[in-house]
Amino acid sequence: MNTRYNFRENEIKWQQAWSEASVYKAEENSPKYYVLEMFPYPSGRLHMGHVRNYIIGDVIARYKRCCGYSVLHPMGWDAFGLPAENAAIQHKVHPQTWTLENVRLMKEEFESLGISYDWSREILSCSPDYYVHEQKIFLDFLKKGIAYRKESFVNWDPVEGTVLANEQVIDGKGWRSGAPIERRKLSQWFLKITDFAQELLDDLAQLDHWPEQVKTMQVNWIGRSEGARIQFPLLEREETLEVFTTRPDTIFGAAFIGISPDHPFIENLAKTIPALQTFIAECRAMGTSQKELDTAEKKGFNTGLFVRHPFLKDVKLPIYVANFVLMDYGTGIVFGCPAHDLRDYEFALKYTLPVLPVVKGPSDSPLPYEGEGILINSHFLNGLETQEAKKVAIEHLVKEKIGASEVTYKLRDWGVSRQRYWGCPIPIIHCSHCGIVPVPEDQLPVVLPQDVVFDQPGNPLDLHPTWKIVDCPQCNKPAERETDTFDTFIESSWYFARFCSPHALQPFEKDKAEFWMPVDQYIGGIEHAILHLLYSRFFTKALKACGYWTLSEPFKNLLTQGMVCHETYQDQTGSWLYPHEVEKQEGRFVKISDNTPITVGRSEKMSKSKFNVVPAAKIVEEYGADTARLFMLSDSPPERDFEWTEAGIEGSWRYINKLWRLVTSHLSEIKNIKREERPLQLTPNAIKIQKLTHKTLFHVTQDIERFHYNRYIARLREFSNSLEEFSPSNPSEWWALNEALHTLVLIVSPALPHLAEALWAELGHPPFIINQPWPKTEAEYLTEDKVTIAIQVNGKMRGAFEISPRLEEEEARALILDLPFVKPHVQDKVIKKFIYIQGKIANVVL
RNA sequence: GCCCGCUUGGUGGAAUGGUAGACACAACAGACUUAAAAUCUGUCGAUCGCAAGGUCGUGCCAGUUCGAGUCUGGCAGCGGGCACCA
C-alpha cells in the first residue's frame with residue numbers, strides 16, 4: 001500500500017481513459033441539464049482566477065450527471081478582441097497567430113484540470129465557421145429593422161489618428177500618445193435594444209433563480225421612468241423645443257431650459273455664434289465615458305434666446321447649453337427647476353437664476369428639496385400632492401395640445417461598430433449609387449484578410465490595398481466594403497445557442513437549441529452583471545423576433561462568482577513582478593533574482609496586466625489537478641472573492657493524501673463485504689457511523705445543489721475525520737465502515753474526480769465512478785433521539801442541556817427551571833415568559 | 001458623480017432570527033525520528049480570575065425582538081459596473 005497518492009500517474013491515466021471512452025459527450029436524452037461557464041478570452045495561460053469559474057461549473061456538471069441528467073457542458077473561445085491587436089503592435093505577431101497559440105496553450109491546461117467538457121463541441125469565435133453565422137444574424141436583424149445606422153461619438157486620439165477604447169483613455173489622454181482625447185462623431189451601426197426595453201424589464205420577473213443584485217442592476221440600467229413631453233415655444237421664432245421631464249408637477253418652478261451641446265438645434269445655432277462653437281468644442285474635449293461626463297464641472301452657455309413658459313404666457317425662460325444634458329436621454333433638452341433638483345440648484349446659483357419653491361416638503365427641509373409634498377406657487381396645481389399634481393399637469397398639457405405623458409428608458413441603443421481589425425467583418429457594401437447594400441447571403445462569410453500590417457495608425461482593414469474594393473451586388477459598379485468590425489460582445493451574445501449544434505450550417509438548429517436551451521446553470525464573474533448578460537438576453541429576444549426559436553430568456557439559473565485576488569508586487573523601477581519572482585525574507589519581500597526590496601500592493605483581482613497571477617499549470621504540476629480543485633472549492637463560497645495563498649494549497653494536498661490513506665488502509669478488511677447485505681443487527685457504534693454517513697450525504701447533496709461548496713468540503717472533512725477515529729471491532733461495524741467509505745468516495749467525486757476514480761478502482765470496482773448514480777439518503781437514519789439545546793435567562797446564555805427534540809413544553813419547563821445554572825438566576829422571581837422552541841432553545845424571561 | 005455589493009479571531013471562512021467562530025490555514029508546544037520530511041497529539045477571540053467561572057466581542061451609531069452576525073434606518077471603509085477591456 002502506498003501512503004502517498006501518486007497524482008501524476010493517476011491523473012493522466014484517468015484523463016486518457018475518460019477521453020477514450022468519450023464519457024462527456026452530450027447526448028440528447030431527457031432529462032437534460034445544460035451547464036455553461038462564460039467562455040474565456042484566450043489571453044495567454046490559464047491562471048487560478050479562470051480556474052475557479054470552471055471548477056465551480058464542473059462540480060455541478062458532474063453531480064447532475066450522477067443524478068441521471070443528460071448533461072451538456074461545452075467550452076470554447078471568445079477569441080476576437082483588442083489584446084490580440086495590442087500584441088500585434090507590441091510584439092510584431094499576427095493577431096491570429098497570437099490568438100491560436102494562446103488557445104492551444106489554454107486548452108492543454110484545461111485538459112490537465114480534468115474538467116468534464118464535451119470538446120467535440122468546441123467553438124472558436126474568430127473562425128469564419130463561427131462568424132459567418134453572426135453575419136447572417138446581422139443581415140436578419142437588418143431586415144427586421146433591429147439593425148440601423150446613426151451617428152455617434154467615439155474617443156478620438158488626434159495624434160495617433162485612431163479611435164480608442166474607454167480603457168485606453170487615461171485621465172482624458174491617449175494611453176500611448178498622451179494626447180488629449182476628443183469626442184468625434186462617426187456614422188456607425190446600432191442594434192435597437194431599446195425596442196426590447198420593456199420586455200427586458202418585464203421578463204426579469206421570470207428569472208427567479210438570478211441573484212437579486214444582478215436583477216436590480218439591470219432594472220436600474222434599463223432605467224424606465226414615467227414622465228411627460230412638454231413643448232416650449234421659442235420667443236420670436238417659429239420653433240418649439242421639446243423637453244422630457246419626470247417632474248411635470250414642478251413646471252411652475254422652471255427657471256431655465258438646458259439643452260445638450262450635441263443637440264441639432266445647438267449645432268445649427270453655433271454656425272452663427274463663434275463663442276458657442278468654442279463652448280461646444282470645450283464640451284467635446286473629453287472622452288465618452290459616463291464617469292467623465294458625470295464628474296466634469298457643470299457648465300452652461302447662455303444662448304441669449306428664450307422660450308415661453310407653456311402655461312404662463314408672460315413668463316420667459318432663458319435657454320442655456322448645458323454640458324450635463326445628455327443627447328441620448330429623453331429629448332436632449334430639460335427644463336431646470338432649481339428648488340427641487342440638486343444639479344439645477346447648483347446651476348442656478350452659478351448663473352444667478354431664480355429659485356422658486358413649488359413643492360412644500362416637511363417643515364424643515366432645506367432647498368433643493370427633491371422629495372414629494374404639497375404643491376405651492378403653482379396656479380392650478382396648488383394644494384395637490386406630487387403624484388396627483390403630475391397627473392393634473394399632464395391633463396392640462398394634453399388639453400392644450402402642448403405635451404403628453406411619456407415613458408423613457410435610460411437604456412441606449414447598442415453601438416456595434418468598431419474601427420478595428422481583429423473582429424467579425426460587418427457584411428455591408430457601401431455603393432455610391434445604391435447606398436447601403438447588404439452582402440448577399442450566398443456570398444457569406446466576408447472573411448477577414450490575413451495580409452495586414454500594424455505599423456501605421458488607423459484600422460488595418462481600412463488601409464488594406466484591395467480587400468475593401470468590391471463590385472456592388474446590386475448595380476455591379478465599383479463599391480467599398482464596410483471596414484468596421486463588430487463589437488466582440490456580439491460573439492458572446494449567442495455562443496450558448498451555437499453549442500447546441502456547433503457544426504450546423506445555419507447559426508443553430510432550432511430543435512437542438514430548443515432541446516438544450518435555456519442554459520440550466522450559467523456561471524461567470526459578477527463584472528458581467530449588466531452588459532454581457534443584458535446583451536445575451538436581448539439577442540435571445542431578437543432571435544425570437546426573427547423566427548430562430550421560441551425562447552425568450554437564455555439563462556435559467558445564474559451564479560455570479562467572486563474574483564480570485566492576489567497581492568501585487570513592484571520592484572524599485574515600478575515594474576510589476578509575478579508572485580513567483582518574489583520571496584519573503586525575514587518578514588520583508590525581495591526580488592529573488594537580485595535581492596532588491598519589493599513594494600507590496602493591496603490584493604486585487606488576478607489580472608495579466610498587473611502580473612499578480614498564479615499560473616494554473618504551475619499548481620497542477622506541483623500538486624495535481626485535484627489539489628488545485630479542492631483548494632478552489634474549500635475556502636470561500638463561490639459568490640465571494642477568494643484570496644489566493646500558497647499556504648492553503650498545502651493543506652489541500654495533505655487532505656488528498658489523507659483520503660487516499662483512509663480508504664486504502666482498510667482495503668484488506670472490507671474487500672469481501674457485500675454492501676447490499678446489511679447485517680440484521682448493528683452495534684451502537686455501527687449505527688452511529690451509519691447515521692453519520694446518511695447525515696453527511698444529506699448535507700453534502702444540499703450543499704452542492706445550493707453551491708455552498710466550501711461547506712460541502714467542510715462536511716467531507718468532518719466525515720473523514722470521524723471515520724479516521726473509528727476502529728471497527730465486529731462484522732457489523734466493518735459493514736458500516738465499508739458503506740461509509742463507499743459513500744465517501746462517491747460524494748468526493750464531483751470535486752476530486754481523479755482521486756475518486758483511483759479509489760473506486762482500489763475498492764475493486766470497474767470504471768467509471770463518474771457514471772455511478774448519486775447515493776440516496778434514507779430518511780430513517782436522519783432522526784436524532786437527543787439534542788443539545790441552549791438555555792437562556794433573559795436572553796443571556798446560561799448553559800446547554802441535552803433533551804429529546806420532541807419533548808413538550810410543560811415537561812421541558814419543569815426540567816429546565818430545575819437546572820443548576822438556571823435556578824440561582826430565577827430564585828423566587830416571577831417568570832414573565834417562558835420561550836421554548838423544540839430542539840432549539842429555551843429562554844426564561846424574568 | 002450614479003447604480004450594485006461586501007465588512008465575523010493572526011488568516012480564509014461557518015452559523016432556516018435561537019449555544020458566534022464549524023471546517024481549514026498560520027502560529028506555538030509536544031510525540032515519533034540519528035536528523036529531516038511525512039504523520040500524530042494538544043493550545044489557539046479579548047479580558048479578569050489560583051480555579052470554578054465572570055465580563056466584553058461579528059466595521060460604527062441607533063432601532064425592532066424574549067433573543068440580532070442575521071431584520072430596519074443612518075454613517076464609514078473597501079470592491080464591482082458605468083455602455084469601445086472582456
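Proteins come first, then strands; the chains are lettered A, B, ... in the order of their sequence lines, and each starts at number 1.
In this structure, A/Pro40 reaches neither bases nor backbone, as no heavy-atom distance under 4.0 Å exists between it and the strands shown. No engagement by A/Tyr655 is indicated, since no non-hydrogen atom pair under 4.0 Å with the nucleic acid exists. At a threshold of 4.0 angstrom between heavy atoms, the contacts of A/Met563 are confined to the sugar-phosphate backbone, with no base atom among them. At the heavy-atom level, A/Gly223 lies nowhere under 4.0 Å from the strands shown. The residue A/His532 sits apart from the nucleic acid: no heavy atom pair falls under 4.0 Å. Contact annotation for A/Val154: base contact, defined as any heavy-atom pair under 4.0 Å involving a base atom. Contact annotation for A/Leu411: base contact, defined as any heavy-atom pair under 4.0 Å involving a base atom. Within 4.0 Å (heavy atoms only), A/Lys832 reaches no atom of the nucleic acid at all.
Taking only side-chain atoms of A/Asn166, from C-beta outward, the nucleotide of B/rC84, B/rU39, B/rA86 with the closest atom is B/rC84. Distance from the side chain of A/Arg412 is smallest to B/rA83 among B/rG79, B/rG13, B/rA83. Comparing atom distances between the A/Asp78 side chain and each of B/rC85, B/rA20, B/rA86 picks out B/rA86 as nearest. Comparing B/rU19, B/rG80, B/rC84 against the side chain of A/Ala800 picks out B/rU19 as the nearest. For A/Gln290, the side-chain atoms get nearest to B/rG1 when compared with the rest of B/rU16, B/rG1, B/rU55.
Side-chain contact between A/Phe7 and A/Asp626: absent, with no pair of heavy atoms (C-beta onward) separated by less than 4.5 Å. Side-chain atoms of A/Val219 and A/Leu201, non-hydrogen and from C-beta on, do get closer than 4.5 Å to each other. In this structure, the side chains of A/Tyr41 and A/Met106 stay at 4.5 Å or more apart for every pair of heavy atoms. Residues A/Asp344 and A/Pro368 are not in side-chain contact: their nearest non-hydrogen atoms beyond the backbone lie 4.5 Å or more apart. Using a 4.5 Å cut-off on side-chain heavy atoms (C-beta onward), A/Tyr421 and A/Pro95 make contact.
Using the Watson-Crick or G-U wobble rule with both distances under 3.5 Å, B/rU70 pairs with nothing in any strand shown. Across the strands present, B/rU55 finds its partner in B/rA46; the criterion is a Watson-Crick or G-U wobble pair with both atom distances under 3.5 angstrom. With a cut-off of 3.5 Å on both Watson-Crick or G-U wobble distances, the partner of B/rA20 is given as none. When Watson-Crick and G-U wobble pairs are counted only if both distances are under 3.5 Å, B/rA26 pairs with no nucleotide at all. Judged by Watson-Crick or G-U wobble contacts below 3.5 Å, the nucleotide B/rU64 has no partner. In this entry B/rA36 has no Watson-Crick or G-U wobble partner, no candidate having both defining distances under 3.5 Å. Figure legend. B/rC78 is base-paired to B/rG5; pairs are counted as Watson-Crick or G-U wobble with both atom distances under 3.5 Å.
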Next item on the list: Test side chain to side chain donor-acceptor pair (under 3.5 Å) on A/Ser177 and A/Asp157 and set out the steps.
Entry: CA-CA 8 Å; A/Ser177 69; A/Asp157 185 322; 2.6 Å; yes

Next item on the list: Verify side chain to side chain donor-acceptor pair (under 3.5 Å) between A/Asn166 and A/Thr288, making sure each step is shown before the conclusion.
Entry: CA-CA 7 Å; A/Asn166 282 339; A/Thr288 59; 3.1 Å; yes

Check: Given A/Gln218 and A/Trp210, is the side chain to side chain donor-acceptor pair (under 3.5 Å) satisfied, shown in steps?
Finding: CA-CA 11 Å; A/Gln218 294 212 351; A/Trp210 276 41; over 6 Å; no

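For B/rG13, the O4'-C1' to base torsion is more than 90° from 0; the nucleotide is therefore anti.
Atom P of nucleotide B/rG81 and atom CE of A/Met38 are separated by 13 Å, given to the nearest angstrom. For the pair A/Leu531 CG and B/rC82 C1', the interatomic distance rounds to 8 Å; values are reported in whole Å. Whole-Å rounding puts the A/Asn323 CG to B/rG1 P distance at 16 Å. The distance between atom OH of A/Tyr709 and atom P of B/rA14, rounded to the nearest whole Å, is 15 Å. Computed from coordinates, the A/Phe190 CZ to B/rA83 P distance equals 13 Å when rounded to whole Å. One can place CG of A/Asp703 at 14 Å from C1' of B/rG13, the figure rounded to the nearest angstrom. A straight line from CZ of A/Phe538 to P of B/rA83 spans 18 Å, rounded to a whole angstrom. Going from atom NE2 of A/His708 over to atom C1' of B/rU16 covers 11 Å, rounded to whole Å.
Note on ring orientation: taking the six-membered ring where Trp is involved, the planes of A/Phe538 and A/Trp414 are perpendicular (angle over 60°, cut-offs 30° and 60°). Classified by interplanar angle (parallel below 30°, tilted 30° to 60°, perpendicular above 60°), the ring pair A/Phe80/A/Trp422 is perpendicular.
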Notebook entry, point to check: In the 5'-to-3' direction, what one-character label does each nucleotide of nucleotides 2-10 of chain B receive under the scheme B = base within less than 4.0 Å of a protein heavy atom, S = sugar-phosphate only, - = no such atom?
Noted result: -SSS-S---

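Between the side chain of A/Gln419 and the base of B/rC84, at least one donor-acceptor pair of N or O atoms lies under 3.5 Å.
With a 6.0 Å cutoff to the six-membered ring centre and a 45° limit on the axis angle, A/Lys150 counts as a cation-pi contact of A/Phe190.
Partners of A/Thr701 under the side chain to side chain donor-acceptor pair (under 3.5 Å) rule, at least two apart in sequence or in another chain, are A/Trp774. For A/Tyr54, the ring-ring contact (aromatic ring centres under 6.0 Å, His included) partners two or more places apart in sequence, or in a different chain, are A/Phe110. A/Thr162 pairs by the side chain to side chain donor-acceptor pair (under 3.5 Å) definition with nothing, not counting sequence neighbours.
Comparing the C1' positions of B/rG57 and B/rU34 gives a spacing of 49 Å, expressed to the nearest Å. Distance noted for atom P between B/rA68 and B/rG17: 15 Å (whole Å). On the C1' atoms, B/rC78 is 25 Å away from B/rA83, given to the nearest whole Å. Taking atom P on both B/rU39 and B/rG5, the two are 43 Å apart, rounded to the nearest angstrom. With both ends at atom C1', the span from B/rG21 to B/rC56 equals 16 Å, rounded to whole Å. Of the C1' atoms belonging to B/rA14 and B/rU70, the separation is 13 Å, rounded to the nearest Å. Remark: the separation of the C1' atoms in B/rG1 and B/rG12 is 35 Å, to the nearest Å. Between B/rC4 and B/rU72, the distance separating the two P atoms is 14 Å to the nearest Å.
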Show me the protein contacts with nucleotides 24-33 of chain B, counting only N or O atoms at under 3.5 Å.
{"from": "B/rA24", "atom 1": "OP1", "to": "A/Asn721", "atom 2": "ND2", "distance (Å)": "2.6"}
{"from": "B/rC25", "atom 1": "OP1", "to": "A/Arg654", "atom 2": "NH2", "distance (Å)": "3.1"}
{"from": "B/rA26", "atom 1": "OP2", "to": "A/Arg654", "atom 2": "NH2", "distance (Å)": "3.2"}

Using a cutoff of under 3.5 Å, can you pull out all pairs of nitrogen or oxygen atoms linking the protein to nucleotides 66-72 of chain B, with atom names and distances?
{"from": "B/rC66", "atom 1": "OP1", "to": "A/Lys833", "atom 2": "NZ", "distance (Å)": "3.3"}
{"from": "B/rC66", "atom 1": "O2'", "to": "A/Asn843", "atom 2": "ND2", "distance (Å)": "3.2"}
{"from": "B/rC66", "atom 1": "O2", "to": "A/Asn843", "atom 2": "ND2", "distance (Å)": "2.5"}

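In the model, A/Ser225 has a side-chain atom that pairs as donor or acceptor with a side-chain atom of A/Tyr329 under 3.5 Å.
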